[in-house]
Amino acid sequence: MAAILFLLIPLVLNPFGLDPYLIKTTLAVAVTSTAAVKILLQRKRTHTGKLTGPLSVFVFITILSVAASANVSVSLLKLSATTPLFLLYFLLDSSARNKALKFLAFTVIAVCVIGIAQKISFGAAVSSNPFSGRIYSTLGNPNFLSSFLLISFPFFAAWTDKRNLGYLTILPYICILLTQTAGSILSLLVILGLFFVRGGKKKRLSLPGILFPIHLIIILCVLIAGGSSSKTMSAKKRFFKWRAGLQIVKTRPLLGTGWGGVKTNFALYQNSIKRDFNLKSTSESKIHNDYIQIMAESGITGFISFGALLLSALVILRKKNFYAFAALTAFMLDSVTNFPVELPSSLIFFALILSFDGAKHTAKMLPATKKSTLLQIAITLICLFFLLISVRDFASDISRKQGYDSYAAGDLKKAERAWLRAHLLSPTSGKTAYALGMLYINDKRYNEAVRMFRESIKIRNYGEVYNNLGNALYLSNRPEEALAAWQKAVTLGCPGRKNIQKNINLLKKTPN
């Protein structure tokens, strides 16, 4: 049952809501929950191995970190998207792993064919592509696609190797290049290097080993030609986010901001970091480095437990399974510049990788013991709880889209009802509360606008929201509160802060 994830998650698309990736998360949690229930009802043992302990400790700390969260709803939403996929490890016995690898092979081929066709269809009309000619296939974003292909590459190579179809590894290789994702392209050099040094001369001269020197030459040519200059701004923004994340760790070292708490807290720390570029927004939810993100959200405690898990896995897999070891290396490299822990299409591989740790038994061999049954019950209840949260968030996203569609059509009452329903179902989208606040300002319902802007701030401390909160407070004849809100917007480095400062100066000059 769990193996079907490796076919469905990368390929499924969402035409119903605003977030095209959300259906992948919801479906991943639904399938994992169903698989857990199935194993429980069939009274089979769960997969347990040498990494059971380190993984359990890490998951426990991420859940414990919610105690430090400023917004429990936001933390629970991220837990719902990640915890079941970490627990997927317990549901992957040897039979499920074999099925997963088969599904994965066909999925990689399908994703690559779609990506290459996508590139051909762009043609000269690159302007119609929101990512400037970079492919994204069914993953919705070039970075997400490159993460999926990079981490799955060793397992796909294992499948092709068994069937003497090594030439097929050229498909994911080409598609990673077409995503133009610098971090993945550099990381791929390391993975290809592992294949190159693994075997004798015959292995090195065949695919994928032969791609290592080719890839190295390509990278050197790009560097010599100065083709990396276009990535300079992207690198600057990542370093800026990393420094802001480390600032969070410095001030909240034990449990961080709570799992998912970067979304709520990032804006409060970013303006203390020097930068030589203007911010498009004063809030972020992804630091683009999972190690720093985990430290920021679960503290040094969570980071140490995650590091212990990775180190244990590296030592075990290096001896037991080369392909799983290479996939783990890819996951770890991708985590430096990307966020595979946040992506269900990438995170499912983490559980698959760890399941090669040498299980003490497989789920098919023996009936469940009392101890394993208690473990299954715990896993099932956790997954079902988080499934409820994921389904509500998915329904909220659909209502959110209905609200925007109604607003665009001029039906403000319908838009209001849809957005209120979305906020009630899942109060984790600052943009929904913000949209309601703007609607109320335009409708001159200033007190209601103030309430919704404050709801938005609880979710995500946007400087832009503080600015509009100040506007709503001023229009509702509360100048002192308006002044405090505008000053906060300026402090957070809000875009357009010069105009906000003018409002502050005029308000200070105005007699009470």
With no hydrogens and no angle check, is any side-chain donor or acceptor of Gln118 less than 3.5 Å from a backbone partner on Tyr136?
yes

Kindly indicate, with the supporting measurements, whether the criterion salt bridge (Lys or Arg N to Asp or Glu O under 4.0 Å) is fulfilled by Lys320 and Asp357.
CA-CA 7 Å; Lys320 288 188 175 293; Asp357 64 346; over 6 Å; no

Spell out, as yes or no, whether a donor-acceptor pair under 3.5 Å connects the side chain of Thr301 to the backbone of Leu255.
no

Closest heavy-atom pair, Ala36 versus Leu91, reported as atoms and distance to 0.1 Å, is N-CD1, 3.9 Å

Rounded to the nearest 0.5 Å, how far apart are CG of Asn321 and CZ of Arg97?
8.5 Å

Between Arg163 and Ala158, is there a donor-acceptor pair closer than 3.5 Å when you use the side chain of the first and the backbone of the second?
no

Please tell me whether Tyr89 and Phe350 form a close aromatic pair, meaning their ring centres lie under 6.0 Å apart.
no

Any side-chain to backbone donor/acceptor pair from Asp393 onto Ser426? Under 3.5 Å, distance only.
no

Looking at Arg198, I want to see if its CZ is surrounded by more than 12 non-hydrogen atoms of other residues, nucleotides or ligands under 6.0 Å.
yes

Would you say Thr264 and Asn71 are linked by a side-chain donor-acceptor pair, where the criterion is simply a distance under 3.5 Å?
no

Looking at every heavy atom in both Thr337 and Arg238, which two are closest together, and how far apart are they?
O-NE, 3.0 Å

Main-chain N/O of Pro340 paired to Asn338 side chain as donor or acceptor, under 3.5 Å:
no

Roughly how far, to the nearest 0.5 Å, is CG of Leu192 from CD1 of Ile214?
9.5 Å

Minimum heavy-atom distance Leu88-Ala2, with the two atoms named:
CD1-CB, 3.6 Å

Between Glu284 and Lys263 (salt bridge meaning N to carboxylate O under 4.0 Å), is one present in this structure?
no

Would you say the side-chain atoms of Asn14 pair up with the backbone N or O of Tyr21, donor to acceptor, closer than 3.5 Å?
no

For the rings on Phe349 and Phe331, is their centre-to-centre separation under 6.0 Å?
no

For the side chain of Thr52 and the backbone of Thr48, is there at least one donor-acceptor N/O pair under 3.5 Å apart?
no

Please report the interatomic distance CG(Leu387) to CZ(Arg392), rounded to the nearest 0.5 Å.
12.0 Å

Mark yes or no for whether Asp290, through its side chain, and Val341, through its backbone, hold a donor-acceptor pair below 3.5 Å.
yes

Are the side chain of Ser75 and the backbone of Trp259 linked by a donor-acceptor contact shorter than 3.5 Å?
yes

Phe356 and ring pair (Phe, Tyr, Trp, His ring centres under 6.0 Å): which single residue from Phe325, Tyr323, Phe155 fits?
Phe155

Begin with the C-alpha distance, continue with both residues' side-chain angles, and end with the deciding distance and a verdict on side chain to side chain contact (heavy atoms under 4.5 Å, CB included) for Ile300 and Val249.
CA-CA 8 Å; Ile300 295 174; Val249 177; 4.2 Å; yes

If I take atom CD from residue Gln376 and atom CZ from residue Arg45, how far apart are they, to the nearest 0.5 angstrom?
10.0 Å

In Å, rounded to the nearest 0.5 Å, how long is the span from CG of Leu150 to OG of Ser346?
8.5 Å

Where Ser146 and Thr179 come nearest, the two heavy atoms and their spacing:
CB-OG1, 3.5 Å

Please evaluate residues Arg460 and Ser429 with respect to the criterion side chain to side chain donor-acceptor pair (under 3.5 Å), reporting the C-alpha separation (whole Å), side-chain torsions for both, the decisive distance (0.1 Å), and the verdict.
CA-CA 8 Å; Arg460 207 168 188 168; Ser429 172; over 6 Å; no

Would you sort out whether Ser147 and Asp334 count as a side chain to side chain donor-acceptor pair (under 3.5 Å), showing the intermediate values?
CA-CA 7 Å; Ser147 176; Asp334 191 53; 2.6 Å; yes

Heavy-atom closest contact (His47 atom, Leu92 atom, distance)
ND1-O, 3.2 Å

For Phe195, the option from Phe156, Tyr173, Phe212, Phe322 that meets ring pair (Phe, Tyr, Trp, His ring centres under 6.0 Å):
Phe322

For a quick test of reading the model, state the closest non-hydrogen atom pair linking Ile9 to Lys24 and the distance between them.
O-NZ, 2.9 Å

Going by atom types only, do Thr251 and Tyr269 share a side-chain donor-acceptor pair under 3.5 Å?
yes

Please check this pair: side chain of Arg275 against backbone of Phe277, looking for a donor-acceptor N/O pair closer than 3.5 Å.
yes

